Amino acid sequence: MDNREMFESLGIAPSVYDFCEEQLRSLKDRFEEIDAIAEYNQLKVVKAMQDAQVSEAHLYGTTGYGYDDIGRDTLEKVYANYFGTEDALVRSQIVCGTHALATALFANTRPGDEILCPAGKPYDTLEEIIGIRPSVGSLAEYGVSYREVSLLPDSGFDYEGIRAAINEKTKLVEIQRSKGYATRDTFSPEKIGELIKFIKNIKPDVICMVDNCYGEFVRREEPTAYGADMVVGSLIKNPGGGLAPIGGYIAGTRECVERCAVRLTTPGLGKEVGPSLDTNKLFYQGFFMAPTITAAAEKGAIFAARVFEKLGFSCHPASDKERYDIIQAITLGSEEAVVAFAQGIQAAAPVDSFVTPYPDDMPGYDSKVIMAAGAFVQGSSIELSADGPIKAPYNIYFQGGLTWYHAKLGIMMAVQKMYQKGLVKI
Ligand SMILES: *Cc1c(COP(=O)(O)O)cnc(C)c1O
């Protein structure tokens, strides 16, 4: 059997296969660029591990209090080395990206301080942490105020608005790298660096924090190379390499990370406690794999964009645009198309492929949402996954893929499901 027949045995019509393969041929140069960055970052990771003198003993964990957990402590050195920061907190006790972000925000502000988002709304889940949407236990309840400066219509920073928003209370600035569910472009680390420079010129002691979710390893440098005091992310996205079963990280200055550690555990205990249990090996191995896995996800995103552009849909970012994260938005224009796409992704999964997803209400969303994922780790979005809010303009957000070949199958299956329903012509 050749590859075309193998795809057919999984349900991909030969015409869909041929069409997708034709698009793929036009992406050779893009894929080479991605591989070059992955190679560079692989070497950076190896160097970070060698410089921290990782040894076999570090792959084992501790229990209970977790005192003298040399594996955990050395892993934090590895992250600090990779991000070029003084210190890092990398913990299985950080439940998810939102928890890591909340820890960083609560740790580094005090009553009377103000948080500034200079580049538009922060990620949805931060609205309740900050208290933009009233919520029990929010920063607003602790007397931390909030200000936001919207982006200009062309997605540029509103520098004059930002200058006017910075005041004597401004303590911390939060910048989200990835667009998430917004329609703006994802910011490059360089562009974030320009913003940080502008802000530090006005107020040098303001803490500049970057929500780095989905951005790690996509470029040669991380935002910490451009002046960020802290970068924050989730281990069930890029840096966990698909192997981390839980966790989050915060890398940054010694002071920022220490404040995060005492907030995560307690004053006095800080980084000293927090057993790694059985996670050390997975965290090391996942971090080691992460540049390759991120590259696979990026290839999937670009392939999806190219295929769906050719089918007449608008894709964000476009398939020939520079990328700064792994998320691909595709405007499908109808509920039927969003549902068919998501069902295609699900049908290609290694786990739960026989399940058919349908749109439903979700906490925190103002419309029904359809979600497709058949992952080894629950909710892991470095694994092939897609979600689409059922509202105009009917976007699907597609991300992940632990291997490029699997991402490719997922996209072909999404096309196949739409093709079968007569939603695309090939
Ligand atoms: C995923 C994500 C988060 C939150 O992460 P969870 O792990 O889902 O809590 C925050 N910001 C951005 C940009 C994200 O993509």
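Sequential numbering from 1 along the given sequence is applied to the chain's residues. Both ligands and their constituent atoms are indexed starting at 1 by order of listing. Since the model is a prediction, treat every value here as computed from it, not as a measurement.
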Close-contact set for ligand 1 against [X] heavy atoms, below 4.0 Å:
X	value
G97	5 (O), 6 (P), 7 (O), 9 (O)
L101	10 (C)
Y214	15 (O)

Record the part of H99 in heavy-atom contact with ligand 1 below 4.0 Å; permitted values are side chain, backbone, both and neither.
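Neither part.
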Taking a cutoff of less than 4.0 Å between a non-hydrogen atom of the residue and any ligand atom, is I236 in contact with ligand 1?
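Per 4.0 Å heavy-atom rule, I236 does not contact ligand 1.
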With a cutoff of 4.0 Å, is K237 in contact with ligand 1, counting heavy atoms of the residue only?
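It does, in that a heavy atom of K237 comes within the 4.0 Å cut-off of ligand 1.
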What is the ring orientation for F308 with F313, classed by angle as parallel under 30°, tilted 30 to 60°, or perpendicular over 60°?
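F308 vs F313 ring planes: tilted.
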Can you say whether the rings of F157 and Y159 are parallel (under 30°), tilted (30 to 60°) or perpendicular (over 60°)?
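It falls in the perpendicular class, over 60°.
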For residues 269-279, which residue pairs pass the side-chain hydrogen bond (donor to acceptor under 3.5 Å, both in side chains) check, not counting sequence neighbours?
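Checked against side-chain hydrogen bond (donor to acceptor under 3.5 Å, both in side chains) - neighbours excluded - the pairs reaching residues 269-279 are D69-S276, E76-K271, D87-K271, S276-N280.
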Which heavy atom in F283 sits nearest to a heavy atom in P245, and how many Å separate them?
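Heavy atoms only, the tightest pair is CE1-CD, 4.1 Å.
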Should T98 be counted as touching ligand 1, given the test is an N or O pair under 3.5 Å?
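Between T98 and ligand 1, an N or O pair is found under 3.5 Å apart.
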Set of residues satisfying ring-ring contact (aromatic ring centres under 6.0 Å, His included) with respect to F303, sequence neighbours excluded
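By the ring-ring contact (aromatic ring centres under 6.0 Å, His included) rule, F303 matches W404.
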